[in-house]
Amino acid sequence: MEHYVGLDVSLKLTAICIVDRTGRTEREGVVASDPETIAAFVKSHAPHVARVGLEAGATSTWLWTELSKLGLPVICIDARHAKAALKLQINKSDRNDAVGIARIMQCGWYKEVRVKDFDSHAIKALLVSRAPLVKIKRDIENQIRGLFKNLGLVIGQAKMNVFAVRAVELAGARPELPAAVEPLLRAREAVGRQIADLDGKVMRLARNDAQARRFMTAPGVGPITALCFLATIDEPTRFRKSRSVGAYVGLTTRRYASG
């Protein structure tokens, strides 16, 4: 008899429910959120498992990849879709959520989520770590500009090292400013070095990827845009039509509407 498994995953523990093809609960349990431990529980109590379901979340990529390597037919389902189905239950708990996910697997009423590979997540991690540093540097510059404007001093347009030189010149005209501005300039310089280091890693990564180099042949597309698009799309064959890509990244089609 076929079995269907639902996993409700948290950082430390995972609630597991196994149901048969009629929806009757065969086995329940709580194990550590470790792929090998979960796989051992499922294989020992559900030898004829047809589907193993878990919601999309922070650890779903890791668990889905490792459980697939261990030979389980694991499916990652859309969290919003699962939430709508699990709201039908009266009591909200990890155990009941695992039961609900198992029954979702049993009836087949779910929307499967594409799980990207680790390479795409590694590219995304590099780009995501760069973004807050750029924001911090911009915030520091805006803070320095604000301090000067309060005293009638304007830095104006200044890029790269020109900003620091211009700030030092203006701060020298007012003896009360260096004490407030110099720590910000040192912090800006330190953040700038880290951004430059990440920029070098991004450039090397883009140069070593044939697909990213092909993207950069388009006007206006640099290494950051190319790698971002590459990590977002991941596997092009999952799109049946090229028009689906725009909808996937949040774009809407143009429509004619009279009046």
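Computed from a predicted model, the values in this text were never measured in an experiment. Heads up: numbering here begins at 1 and tracks the sequence.
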Worksheet item: Should the pair Lys135-Asp139 be classified as a salt bridge under the 4.0 Å nitrogen-to-oxygen rule?
Response: yes
Fill in: Distance in Å, Glu2 CD paired with Asp20 CG, rounded so as to fall on 0.5 Å steps
10.5 Å
Practice prompt. State, without any angle test, whether Gln211 and Arg214 hold a side-chain donor-acceptor pair at a distance under 3.5 Å.
Written response: yes
Worksheet entry | Donor-acceptor under 3.5 Å (Arg27 side chain, Ile18 main chain) | no
Worksheet item: What distance separates Thr232 OG1 from Leu127 CG, expressed to the nearest 0.5 Å?
Response: 8.5 Å
Worksheet item: Can you name the one residue among Ile38, Thr59, Thr37 that meets side chain to side chain contact (heavy atoms under 4.5 Å, CB included) with Thr14?
Response: Ile38
Fill in: Whether Phe215 and Phe229 hold their rings parallel, tilted or perpendicular, with breakpoints at 30° and 60°
perpendicular
Worksheet item: Looking at Lys116, Arg114, Lys124, which hits side-chain hydrogen bond (donor to acceptor under 3.5 Å, both in side chains) with Asp234?
Response: Arg114
Item to complete: Answer yes or no: are there more than 12 heavy-atom neighbours, outside Arg80 itself, under 6.0 Å from its atom CZ?
Response: no
Worksheet item: Once you round to the nearest 0.5 Å, how far does CZ of Arg138 lie from CG of Leu133?
Response: 11.5 Å
Item to complete: To the nearest 0.5 angstrom, please state how far the CG atom of Asp94 sits from the CG atom of Leu7.
Response: 12.0 Å
Discussion item. Distance check, rounded to the nearest 0.5 Å: Ile101 atom CD1 versus Ile77 atom CD1?
Written reply: 5.0 Å
Worksheet entry | Heavy-atom closest contact (Tyr4 atom, Arg21 atom, distance) | CE1-CA, 3.7 Å
Item to complete: Tell me whether Trp62 is reachable from Leu54 by hopping between hydrophobic residues (I, L, V, M, F, W, Y) whose side-chain heavy atoms are closer than 4.5 Å.
Response: yes
Discussion item. Between Arg193 and Glu189, does any NZ, NE, NH1 or NH2 come within less than 4.0 Å of an OD or OE carboxylate oxygen?
Written reply: yes
Discussion item. Check whether Asp209 reaches the backbone of Leu205 with its side chain - one donor and one acceptor, N or O, closer than 3.5 Å.
Written reply: no
Discussion item. Closer than 3.5 angstrom, by distance alone: can the side chain of Arg188 be matched with the main-chain N or O of Lys137 as a donor-acceptor pair?
Written reply: no
